[in-house]
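For reference, the structure discussed in these notes is given below.
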Amino acid sequence: MIAEVYVDIPASPVDKPFDYQIPEKLSDFVRPGMRVIVPFGRTKRLGFVASLKEESSFGKLKTIERVVDNLPVLTGELLDLGRWLADTTLCPTVSAFLAMLPAVMKAEYHKILTAENTEQLQLRFPRLAQLFLSGKMIEWDVIEKKHPERLKEVNEALDENIISLNRFVGNQANARKVLAVSAAVPRERLIKAAEGLDARSIRQKEVLSFFIESDQQLQLPVSELIKKYHFSRETLGRLVKKSLLKQEFIEQFRDPYVHRPGPPTRPLPLTGEQKQALTPILNSIEKSENRVFLCHGVTGSGKTEIYLQAIQKVIALGKQAIVLVPEISLTPQMVDRFKGRFGAEVAVMHSGLSRGEKYDEWRKIREGLVKVAVGARSAIFAPFERLGLIIIDEEHETSYKQDDSPRYHARDVAIYRAHRHGCPVVLGSATPSLESYARAQKKVYTLLSLKDRFNHHPMPPVEIVDLREEMREGNHSMFSRVLFNKIRDRLKKGEQIVLFLNRRGYSTFVMCRSCGTVIKCPHCDISLTYHHAGRLLKCHYCGYEERAPETCPACGSDSMRYFGTGTQKVETELNRLLPEARVIRMDVDTTRQKGGHEKLLRQFGEQKADILLGTQMIAKGLDFPKVTLVGVLAADSMLHLPDFRASEKTFQLLTQVSGRAGRHDLPGEVVIQSYTPDHYAIVDAAHHDYARFYHEEMQIRHRLGYPPFYFLALINLTHSEPARAADAAERIVSMLKNNLSRSARIYGPVVPAIARIKDRYRYQCMVKYKREPALFPVLRKISLHFQNTGKDGLQLSIDLNPVVLM
DNA sequence: AGCACGCCGACT
DNA sequence: GTCGGCGTGCTC
């Protein structure tokens, strides 16, 4: 038998199956979707078996060296999906395969030097010999990194066969080995040895009788013998030394993920609207219909309960479901809700798990031990074989698009898989993406609307405050008088406040008032943000930090001033103006440690603070009954970013933040501060009017030729030399112009808003198109042509249907 | 991605 | 005359 194998080299010249002979004894065993180790050129690589066949047109076949998996890690469906992903996102097929699997399944490649002739090595290359561990082995990488001056000797020694170079492919998933002890000799000899022991060797005797009484094959990890049976390491060691016991590394699985079982929950009674939305979904599930539903429900309309009851149906039919949520809303409360309803039938994939735990959750799915997978973007690849439903909550979130290769959108993958399985997809959002809503309008998707909040509380009233007017009237603070008074009022009443500002740090830039110099990152074309803790200037793009200078580095004057407002400055101001208010600040800087996010939210929920001040991350999912005021400090902060989706993002964010107020018995209200209070994104969000925003924004998209009217392809070029990047971009534009139809609009090369990131200069080209059969072939040609240009050289990336243009 | 093959400049 | 730069091509 012959296997067609994709080797683990993400480069276009090898992005095709290679034929390998399957060894006789493995011929019944190897199946498509398994990982194998194959010799490739003069190296060894991991590979994926794509298919089997009887004969190869290729003459001299090499043989598969090892099969990694017992059960194929990729099902037939996922193999097809991988090829489809590679086709539609222009990435190498292996990259698509690897993206569908937990990270531990990536191979590790080792190059090991072994001493063949220790004496010769000592004699001829004494200094090199010193590096060899116990005189025998060393990893090539160690020499390359730590002792590069010895590389020449390595090559000589290799030539003279004094040392040899061996490669092996490691597997992180199997790397979890643990030292275990077992009997080294037959039982009779153990008994005899026990009798012959010195009278004082009580402990050794105990260990021996343990092994005499147990199964002779028994292997127990040393850690368990110590912890559970209270033997000591020393005692075990002595018996190993006497060769009565033997030690070896065995593979051990982690303890299965034990979750504190929350209180089980039952289906809640549904409102009329909820029933109306749920019924068609249930029908589709029952009929195995491949339909896409767009569930447009205001914040608090009870979408989650609809999801839960739909999943219940899926499980009842013996099928499985995938639920995608944005990483940020994958909070313990959210997880508990699913665990509470479906108990041990849920696997949860989130970034808080270690790689090993993710692997275990994945295996539960692959082995059919669970029925539901809940997770962020990559959970869309959950290897279920009988999918009955896919749910994408907050479908408009940009995090569903992966921002490096393979640049896939989870929504597209969901629709592909649902088509394959014959099952419905439910997209849920209070603020659907224009793309999805437009499809619903065209009846490609089925629209389900939930206009009422679950508990019939009205949406909170929203007041827009014109900051220009505040300025004119002499208020230069970051709080308008209206907002400030309302904050004071809530503090007095003992109610809680959420303040939102989409900028972290203290000041957004530092400028010298005497010469106008703005301090910039030395590696990126962007100003540095001042952080008060440690008086540091930080780059939010590459992480560069420096001490804030006392005097201007350009002219030496001492008139450095801090401009722009970040969350830290707001916090300081709150403490100064309202010393009695207890403030929790939540942004990347205060939640960096694991679990920091939840800790702060719990404190706020327990009312250990009056004000929750934060960035993006507080916009979603929070539900605190005592919150009666939400303040948006600067609604314009995202509005003027150079991205055609800036208005959409602003509308979505404002709508979400507003949804945090008055969710329970206390009525809430919202104050939005803005310098452009008449902007439709702000006005429509204030009126909770999605339909109106949609119409206004669609007109603009139509006029400017943006999605959903046109498709986009974005080509990014970076190089350490600006001219080289520009040159490549120039050539790419002319290739596009020569190959595409007249109806395709080709833009560029342009320098993006941030012209340089991490010392690499950036250029972009863009294509807007409606139907362009020639596009993919040209893009493939381009990526082939501009690929192998070295490490420090040109880097090219192609993003189809990008979600961020910057 | 590696690695060999191959064709032109600065050294023993 | 050699050592070594990186352009081109191949890996079942």
Side-chain angles (χ1 to χ4, degrees), chain A residues 1-24 26-27 30-68 79 83 86 90-99 105-113 139-145 148-149 151-156 158-159 164-171 404-406 719-721 724 727-728 731 780-797:
Chain A
M1 282 291 261
I2 314 272
E4 292 194 328
V5 175
Y6 281 92
V7 289
D8 178 21
I9 297 170
S12 20
V14 287
D15 187 17
K16 56 179 181 185
F18 285 77
D19 291 353
Y20 283 89
Q21 190 66 51
I22 301 174
E24 198 62 45
L26 289 176
S27 57
V30 175
R31 276 184 284 156
M34 284 181 173
R35 292 173 301 157
V36 289
I37 308 297
V38 291
F40 191 74
R42 58 200 58 221
T43 81
K44 283 176 197 169
R45 305 299 288 202
L46 183 78
F48 288 89
V49 176
S51 56
L52 303 177
K53 56 187 184 184
E54 296 289 339
E55 269 168 49
S56 170
S57 56
F58 204 84
K60 42 183 174 73
L61 293 191
K62 289 188 179 175
T63 304
I64 288 177
E65 186 177 295
R66 190 159 66 84
V67 181
V68 182
L79 281 169
R83 283 181 283 233
L90 297 170
C91 79
T93 313
V94 254
S95 307
F97 287 158
L98 286 167
M105 294 207 176
K106 278 207 191 101
E108 282 174 341
Y109 296 98
H110 301 275
K111 280 161 89 178
I112 301 269
L113 295 170
E139 258 193 85
W140 172 280
D141 287 9
V142 175
I143 295 191
E144 200 171 38
K145 285 197 193 93
E149 71 284 357
L151 278 175
K152 243 182 105 181
E153 294 173 31
V154 168
N155 283 327
E156 274 178 59
L158 276 171
D159 280 349
S164 65
L165 176 64
N166 298 294
R167 296 156 197 276
F168 73 93
V169 182
N171 183 346
D404 47 45
S405 172
H719 197 285
S720 49
E721 298 291 330
R724 296 282 298 276
D727 181 53
R731 283 162 62 196
R780 268 189 210 103
K781 208 162 104 191
I782 289 170
S783 69
L784 204 66
H785 194 268
F786 289 91
Q787 203 173 42
N788 276 336
T789 9
K791 287 213 165 34
D792 203 42
L794 189 73
Q795 278 174 20
L796 167 106
S797 74

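Any value given below was found using the heavy atoms of this structure, including those in side chains, with hydrogens, waters and symmetry copies removed. Model, not experiment: these values are computed from the prediction. Each chain gets a letter, A, B and so on, in the order the sequences are listed, and its residues count up from 1.
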**Message:** Are C:dC12 and A:F58 stacked, with the base six-membered ring and the side-chain ring centres under 5.5 Å apart and planes under 30°?
**Reply:** yes
**Message:** Rounding to an integer number of Å, can you tell me how far A:I2 CD1 sits from C:dC12 C1'?
**Reply:** 10 Å
**Item:** Length of the line joining A:L98:CG and B:dA1:C1', which is rounded to integer Å
**Value:** 14 Å
**Prompt:** Atom CD of A:E65 and atom P of C:dC12: how far apart are they, to the nearest Å?
**Reply:** 13 Å
**Request:** Using a heavy-atom cut-off of under 4.0 Å over every strand shown, decide if A:L61 touches base, sugar-phosphate, or nothing.
**Result:** sugar-phosphate
**Asked** Are any side-chain N or O atoms of A:R35 and backbone N or O atoms of A:M105, one a donor and one an acceptor, separated by less than 3.5 Å?
**Response** yes
**Prompt:** Rounded to the nearest Å, what distance is computed from the CZ atom of residue A:R45 to the P atom of nucleotide B:dG2?
**Reply:** 5 Å
**Asked** CG of A:L165 versus C1' of B:dC3: gap in Å, rounded?
**Response** 12 Å
**Message:** If the condition is side-chain hydrogen bond (donor to acceptor under 3.5 Å, both in side chains), which residues does A:R83 pass it with, not counting sequence neighbours?
**Reply:** A:D80
**Message:** If only side-chain N and O atoms count, and only distance matters, is there a donor-acceptor pair under 3.5 Å linking A:E139 with A:H110?
**Reply:** yes
Considering only distance and modelled atom types, tabulate donor-acceptor pairs under 3.5 Å from the side chains of residues 39-55 of chain A, sequence neighbours left out.
unit_1 : atom_1 : unit_2 : atom_2 : d
A:T43  : OG1    : A:F40  : O      : 3.2
A:K44  : NZ     : A:R167 : O      : 3.0
A:R45  : NE     : A:D8   : O      : 3.4
A:R45  : NH2    : A:D8   : O      : 3.0
A:S51  : OG     : A:E4   : OE1    : 2.7
A:K53  : NZ     : A:E4   : OE2    : 2.9
A:K53  : NZ     : A:D19  : OD1    : 3.2
A:K53  : NZ     : A:D19  : OD2    : 3.0

**Item:** side-chain N/O A:R42 vs B:dG2 OP1/OP2, d < 4.0 Å
**Value:** no
**Request:** Grab the CZ-C1' distance between A:F40 and C:dG9 for me, whole Å please.
**Result:** 12 Å
**Request:** Would you mind reading off the distance between A:D19 atom CG and C:dT11 atom P, rounded to a whole angstrom?
**Result:** 12 Å
**Message:** Closest approach to the side chain of A:K62, judged atom by atom: which nucleotide of B:dA4, C:dC12, B:dA1 is it?
**Reply:** C:dC12
**Prompt:** Just how far, in rounded Å, is P of C:dT11 from CG of A:L46?
**Reply:** 21 Å
